[in-house]
Engineer: 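I have a structure I would like to understand better, so I am pasting it below and will then ask my questions one at a time.
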2 protein chains.
Amino acid sequence: MIRILLADDEHLIRGAMAALLSLEDDLQVVAQAATGAEALATARVVHPDVAVIDLQMPDLDGVSVAQALATDLPTCRTMIVTSHGRPGHLKRALAAGVRGFLPKTVSADVLATVVRTVHTGGRYVDPALAAEAISAGDSPLTPREADVLELALEGAPIDEIARRASLSPGTVRNYLSSAVGKTGASNRHEAARFARAKGWI
Amino acid sequence: MIRILLADDEHLIRGAMAALLSLEDDLQVVAQAATGAEALATARVVHPDVAVIDLQMPDLDGVSVAQALATDLPTCRTMIVTSHGRPGHLKRALAAGVRGFLPKTVSADVLATVVRTVHTGGRYVDPALAAEAISAGDSPLTPREADVLELALEGAPIDEIARRASLSPGTVRNYLSSAVGKTGASNRHEAARFARAKGWI
DNA sequence: TCGCGTCCATGACATCTGTCATGGGGAACT
DNA sequence: AGTTCCCCATGACAGATGTCATGGACGCGA
């Protein structure tokens, strides 16, 4: 019997997934959590075999939870399900030791299968997401460029970005200019959106 | 027995919700659809009593489907469930004749209850979403301002917005300036994000 | 040690944007 | 008929932004 921890902020989805997983004879949902912190706390108590975690949650995101679980509970395998899978997430997730990565568009059968695969030490990444991640390629941005571009994402003016990054406005403009060139965008906002779509920031 | 049509692009969620609803004795999921178009086509064939539709789907969004259903199948009550409820959606949905509006954070119990409420001609709107919609208030933007701001959302430069809106660049700047003033933002990108958060565009 | 790339910064310049004043046309309401 | 608001447009100006050249500091690998 595989003991599962389920974390998703959407009560309806979480309950429904629990119901589906429980239909399988060899699977048992032993705990549920609505936030990342709750998932972590619960996991420390119940020691699940597999943690199925939603990528976007109110507090910590799925990858952070996975990272914490990897060090806290090395025996617990982690997999992530998500609605909006961007290439960068997958990369970060795998780096965090996640063993399975699925969009919510898969069927319940697949979910159950992947839970079993992950439990026996295997890995599974949704082919479509994997293809996307590969086609997105590696980020051409330097770390600083990525930092600055991330701050530019919300539409803040350069002065504010400079303050938040503790840089001079001129330097910020240089990085942004460089990033705009690399992304082929026509201004920093477009560049920021592009980079986020590619999962670079 | 209430006959339900379920539309959601996420297979996992759809299947899980179907499983949950089917646990109720008086509810029966008679059809499922993964896209808006599919939902419409299916509804015309099976004539469900209640349509439970996800707000965001690849092609038509939930509100458009609801609108089409209202004219096509007047006897079919429509309700919408959503992950990310922005105030504007709720307003548009109610205008389209939707009888129920729920976030996916509710429990399965609530979902089933609302299905029954809607079926008997009642209405139900999630209290939290309703409060948000009220606090967001009506849009202070004129129709043109909203149009232009929407085009500005993707970070396009003014010239492109002008082309796409068939306006002169000067006019576009005036509308954007006005919108920036009304939203209290410091530039059009921030204004666009703000307006979208409020559901105004 | 040298070269290389990254990080940080400055200054100068052209262009883009935000703001304001102004005005004509049209629809709605008094 | 007059008032008011929205739509569309133009022009002018200040300030923000994008681009480019330049240079020093630092760490890393050859």
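First the proteins, then the strands, lettered A, B, ... as listed; each starts at 1. Excluded from the calculations below are hydrogen atoms, water molecules and symmetry mates; all remaining heavy atoms, backbone and side chain alike, are included. For clarity, every value in this text was computed on a predicted model and none was experimentally measured.
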Engineer: Which of these, B:Val114, B:Val81, B:Asp126, B:Thr113, sits in a side chain to side chain contact (heavy atoms under 4.5 Å, CB included) with B:Val106?
Structural biologist: B:Asp126
Engineer: Of the listed nucleotides (C:dT19, C:dC8, D:dC8), which one gets closest to any side-chain atom of B:Arg144?
Structural biologist: D:dC8
Engineer: Whole angstroms only, please: what is the CZ-P distance between A:Arg173 and C:dA12?
Structural biologist: 12 Å
Engineer: Tell me the interatomic distance from A:Asp147, atom CG, to C:dT6, atom P, rounded to whole angstroms.
Structural biologist: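 A:Asp147 atom CG is separated from C:dT6 atom P by 15 Å.
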Engineer: How would you label the contact of A:Leu176 with the nucleic acid (heavy atoms, under 4.0 Å): base, sugar-phosphate, or nothing?
Structural biologist: nothing
Engineer: Identify whether any heavy atom of B:Ser177 sits under 4.0 Å from a base atom; if not, whether one sits that close to sugar-phosphate; answer base, sugar-phosphate or nothing.
Structural biologist: base
Engineer: What integer distance in Å separates B:Lys182:NZ from D:dC6:C1'?
Structural biologist: 9 Å
Engineer: Round to a whole Å and report the spacing from CD of B:Glu160 to C1' of C:dT15.
Structural biologist: 17 Å
Engineer: Can you tell me whether the side chain of B:Asn174 and the base of C:dC20 have a donor-acceptor pair closer than 3.5 Å?
Structural biologist: yes
Engineer: Want to settle it: does A:Pro169 or A:Tyr175 sit nearer the 5' end of DNA chain C, counting the closest nucleotide to each?
Structural biologist: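 The residue mapped nearer the 5' terminus is A:Tyr175.
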Engineer: Would you please confirm or rule out a distance under 4.0 Å between OP1 or OP2 of C:dA9 and any side-chain N or O of A:Thr171?
Structural biologist: yes
Engineer: Grab the CD1-P distance between A:Ile158 and C:dG18 for me, whole Å please.
Structural biologist: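 So the two atoms are 13 Å apart, to the nearest Å.
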Engineer: Return the orientation label for the A:His84 and B:His84 ring planes: parallel under 30°, perpendicular over 60°, tilted otherwise.
Structural biologist: tilted
Engineer: Quick one: B:Asp159 CG to C:dG18 C1', roughly how many Å, whole number?
Structural biologist: 15 Å
Engineer: Let me know the distance between CG of B:Leu149 and C1' of C:dT17, rounded to the nearest Å.
Structural biologist: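 To the nearest whole Å, that distance equals 15 Å.
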Engineer: Please figure out whether A:Val180 or B:Glu145 has its closest DNA chain D nucleotide nearer the 5' end.
Structural biologist: B:Glu145
Engineer: Determine, for A:Asp159 against A:Arg164, whether the closest basic-nitrogen to carboxylate-oxygen distance falls under 4.0 angstrom.
Structural biologist: no
Engineer: Can you check the B:Ile161 CD1 to C:dC16 C1' distance for me, whole Å?
Structural biologist: 12 Å
Engineer: Within the distance-only criterion (no hydrogens, no angle test), does the side chain of A:Thr42 pair as donor or acceptor with the backbone N or O of A:Glu38 below 3.5 angstrom?
Structural biologist: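 Yes; at least one donor-acceptor contact below 3.5 Å.
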Engineer: Between B:Arg196 and B:Glu150, does any NZ, NE, NH1 or NH2 come within less than 4.0 Å of an OD or OE carboxylate oxygen?
Structural biologist: no
Engineer: Let's see if you can work this out: which of D:dC6, C:dA9, D:dT10 has an atom nearest to the side-chain heavy atoms of B:Thr142?
Structural biologist: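 Between D:dC6, C:dA9, D:dT10, the one nearest the side chain of B:Thr142 would be D:dC6.
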Engineer: Using the side-chain heavy atoms of B:Leu167, tell me which of these nucleotides is nearest: D:dC6, D:dG18, D:dC8.
Structural biologist: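 Among the listed nucleotides, the one closest to the side chain of B:Leu167 is D:dC8.
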Engineer: Please pick, from D:dA12, D:dC7, D:dG18, the nucleotide with the shortest atom-to-atom distance to any side-chain atom of A:Arg188.
Structural biologist: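 When the side chain of A:Arg188 is considered, D:dG18 is the closest of D:dA12, D:dC7, D:dG18.
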